[in-house]
K.L.:
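Structure provided below as structure tokens; questions to follow.
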Amino acid sequence: MELDLSPKLARKVYGGNGGSYYAWSPSELPMLREGNIGAAKLALEKNGFALPRYSDSAKVAYVLQGTGIAGIVLPESEEKVLSIKKGDAIALPFGVVTWWYNKEDTELVVLFMGDTSKAQKSGEFTDFFLTGTNGIFAGFTTEFVSRAWDLDENIVKALVEKQSGNGIVQLHGNFKMPEPKKEHREGMALNCEEAPLDVDIKKGGRVVVLNTNNLPLVGEVGLGADLVRLDGSAMCSPGFSCDSALQVTYIIRGSGRLQVVGVDGHRVLETTVKAGNLLIVPRFFVVSKIAAPDGMEWFSIITTPNPIFTHLAGRTSVWKALSPQVLQAAFDVDANTENLFRSKRNSDAIFFPPPN
């Protein structure tokens with residue numbers, strides 16, 4: 001049975017006045033379960049507060065829109081309060097407790113993608129809330145919580161039952177959340193839109209790679225990531241992950257055509273992708289994209305903290321490394337045809353501008 005690789009949109013899981021939480025389901029995108037990958041989005045309205053929680057999965061968070069505040073508590077560490085904005089990537093290892101808050105009129109939208117190999121359900125994130133109607137302590141008896149917190153049972157009852165929200169609530173406009181500290185961002189977050197470019201091709205595209213060099217915490221998460229911006233009608237050359245990593249891609253902006261080729265030279269997917277789509281490229285499968293005239297932007301996680309890719313076009317492609325005789329024999333062509341093939345695409349680009 002062939003896997004369905006077609007891109008999908010997220011569906012709302014829960015929410016209210018403060019915002020909503022969306023997720024991609026393995027039942028609709030089977031590659032999530034196959035690849036042990038989870039993906040979700042948090043969208044907070046003004047004064048929306050995502051209650052403190054921890055997850056069963058290591059993740060990378062990426063801010064798609066807006067500005068806000070994030071609280072992060074690593075195991076046995078003090079709380080770090082970060083100002084976050086569009087383009088920020090944050091590595092969230094196992095055991096981290098987080099909360100999120102939006103005080104602005106513009107909706108704050110955060111994408112989460114991560115590894116579910118140790119999760120309760122393969123292909124899905126499960127959050128464990130510390131407070132609210134579905135909070136952890138709602139499941140314990142008052143006696144147990146009272147002894148754990150060394151508080152009178154009446155106080156415990158108020159603490160556990162007063163919050164009537166579930167996952168996301170809306171705070172009063174005059175409520176003062178803790179102020180973020182600039183130093184708390186160091187080592188915790190990287191703005192991919194402001195970071196030095198790893199690839200910059202005129203009229204082609206630009207790439208920022210998130211790895212252990214610029215955000216060491218991704219080593220604990222076990223994931224790498226990249227932000228790719230493809231100019232109008234430009235092409236991302238065919239390539240594959242040569243270290244057996246899966247690539248999970250969320251289309252942020254624009255649209256374009258995409259083809260994926262798998263085993264035995266079969267084209268397993270040919271489609272148009274657009275903003276909001278999530279898709280997964282299986283291990284070793286070759287993918288290529290051509291942007292629409294308005295360009296295309298995407299954020300991907302790769303299931304290794306320092307990914308390695310092999311490209312099948314351009315000066316650094318495998319074709320340029322193979323000897324002329326091998327190419328002649330492999331393609332069954334004469335020397336002139338092989339020489340013409342070798343002479344093309346002598347740039348280092350993984351992005352090719354549109355034809356003149």
Side-chain angles (χ1 to χ4, degrees), residues 10-16 18-27 32-33 36-44 48-62 68-82 84 90-102 108-149 151 156-171 177-178 188 217 220-223 301:
R11 292 186 180 274
K12 184 176 177 178
V13 180
Y14 63 84
S20 300
Y21 181 84
Y22 303 83
W24 283 267
S25 170
S27 63
L32 290 171
R33 184 179 293 109
N36 270 318
I37 296 294
K41 280 195 301 186
L42 175 68
L44 294 179
F49 176 48
L51 296 172
R53 69 200 66 194
Y54 64 91
S55 175
D56 62 357
S57 304
K59 308 172 186 174
V60 172
Y62 183 77
I69 303 172
I72 301 174
V73 182
L74 295 170
E76 299 183 357
S77 300
E78 294 183 352
E79 178 187 58
K80 292 184 181 293
V81 182
L82 289 64
I84 57 173
I90 306 164
L92 302 174
F94 283 110
V96 64
V97 172
T98 64
W99 55 262
W100 310 81
Y101 177 66
N102 179 25
L108 173 65
V109 183
V110 183
L111 172 72
F112 301 95
M113 296 193 290
D115 175 21
T116 66
S117 59
K118 298 179 181 179
Q120 303 289 309
K121 301 176 182 178
S122 180
E124 296 181 49
F125 299 140
T126 298
D127 287 334
F128 295 82
F129 295 91
L130 302 190
T131 66
T133 57
N134 59 344
I136 293 295
F137 290 96
F140 284 102
T141 63
T142 304
E143 177 195 359
F144 269 63
V145 181
S146 176
R147 292 186 62 177
W149 291 349
L151 288 172
V156 166
K157 193 173 179 65
L159 286 170
V160 173
E161 298 179 1
K162 184 70 182 297
Q163 177 55 265
S164 60
N166 179 342
I168 300 171
V169 299
Q170 190 171 42
L171 303 181
M177 292 294 283
M188 297 293 297
L217 203 57
E220 293 188 34
V221 175
L223 302 169
I301 63 162

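Just so it is clear, the values below take in all heavy atoms, side chains as well, and ignore hydrogens, waters and symmetry mates. This structure is a prediction, so every number in the text was calculated from the model and none was measured.
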K.L.:
Who pairs with Q120 by side-chain contact (heavy atoms from CB on, under 4.5 Å), at least two apart in sequence or on another chain?
P.N.:
D56, T126, F128
K.L.:
Locate the shortest heavy-atom distance separating M188 from L217; write the atom from each residue and the value.
P.N.:
SD-CD2, 4.1 Å
K.L.:
Output the distance between atom CD1 (I72) and atom CG (L82), rounded to the nearest 0.5 Å.
P.N.:
5.0 Å
K.L.:
Suppose we screen for side-chain contact (heavy atoms from CB on, under 4.5 Å). Which residues come up paired with A23, at least two apart in sequence or across chains?
P.N.:
V13, Y21, A40
K.L.:
Of all the heavy-atom pairs spanning V97 and P52, show the shortest one and how long it is.
P.N.:
CG1-CB, 4.3 Å
K.L.:
Report yes if the side chains of L32 and E124 come closer than 4.5 Å at any heavy-atom pair, otherwise no.
P.N.:
no
K.L.:
Which heavy atom of G95 sits nearest a heavy atom of P75, and at what distance?
P.N.:
O-CG, 3.9 Å
K.L.:
Is there a side-chain contact between L159 and W149 (heavy atoms, below 4.5 Å)?
P.N.:
yes
K.L.:
Can you find a heavy atom in the side chain of I69 that is under 4.5 Å from one in the side chain of W99?
P.N.:
yes
K.L.:
Mind checking whether V60 and M113 have side chains closer than 4.5 Å, heavy atoms only?
P.N.:
no
K.L.:
Any idea which heavy atoms bring A138 and T133 closest together, and the distance?
P.N.:
CB-O, 4.1 Å
K.L.:
Which residue pairs pass the side-chain hydrogen bond (donor to acceptor under 3.5 Å, both in side chains) test when at least one of the two sits in residues 108-119, sequence neighbours left out?
P.N.:
D115-S117
K.L.:
Do L108 and Y101 have side-chain heavy atoms sitting under 4.5 Å apart?
P.N.:
no
K.L.:
Nearest 0.5 Å, what's the CZ-OG distance between F94 and S57?
P.N.:
6.0 Å
K.L.:
Do Y54 and I136 touch side chain to side chain, with heavy atoms closer than 4.5 Å?
P.N.:
yes
K.L.:
How far does CG of N102 sit from CG of L171, to the nearest 0.5 angstrom?
P.N.:
11.0 Å
K.L.:
Please check if atom CZ in F140 has more than 12 non-hydrogen atoms from other residues, nucleotides or ligands closer than 6.0 Å.
P.N.:
no
K.L.:
Would you name the heavy atoms of N36 and S122 that are closest together and state the gap between them?
P.N.:
OD1-OG, 2.6 Å
K.L.:
For the residue pair D127 and S55, what are the closest heavy atoms and their distance?
P.N.:
OD1-CB, 3.5 Å
K.L.:
Drop me the distance from T98's OG1 to L130's CG, to the nearest 0.5 angstrom.
P.N.:
9.0 Å
K.L.:
Supply the atom-to-atom distance W100 CH2 to I168 CD1, rounded to the nearest 0.5 angstrom.
P.N.:
12.5 Å
K.L.:
For the pair S146 (side chain) and F144 (backbone), establish whether a donor and an acceptor sit closer than 3.5 Å, ignoring hydrogens and angles.
P.N.:
no
K.L.:
Taking atom OH of Y22 and atom CG of L42, what is their separation to the nearest 0.5 Å?
P.N.:
10.0 Å
K.L.:
Do the non-hydrogen side-chain atoms of F129 and Q163 ever get within less than 4.5 Å of each other?
P.N.:
no
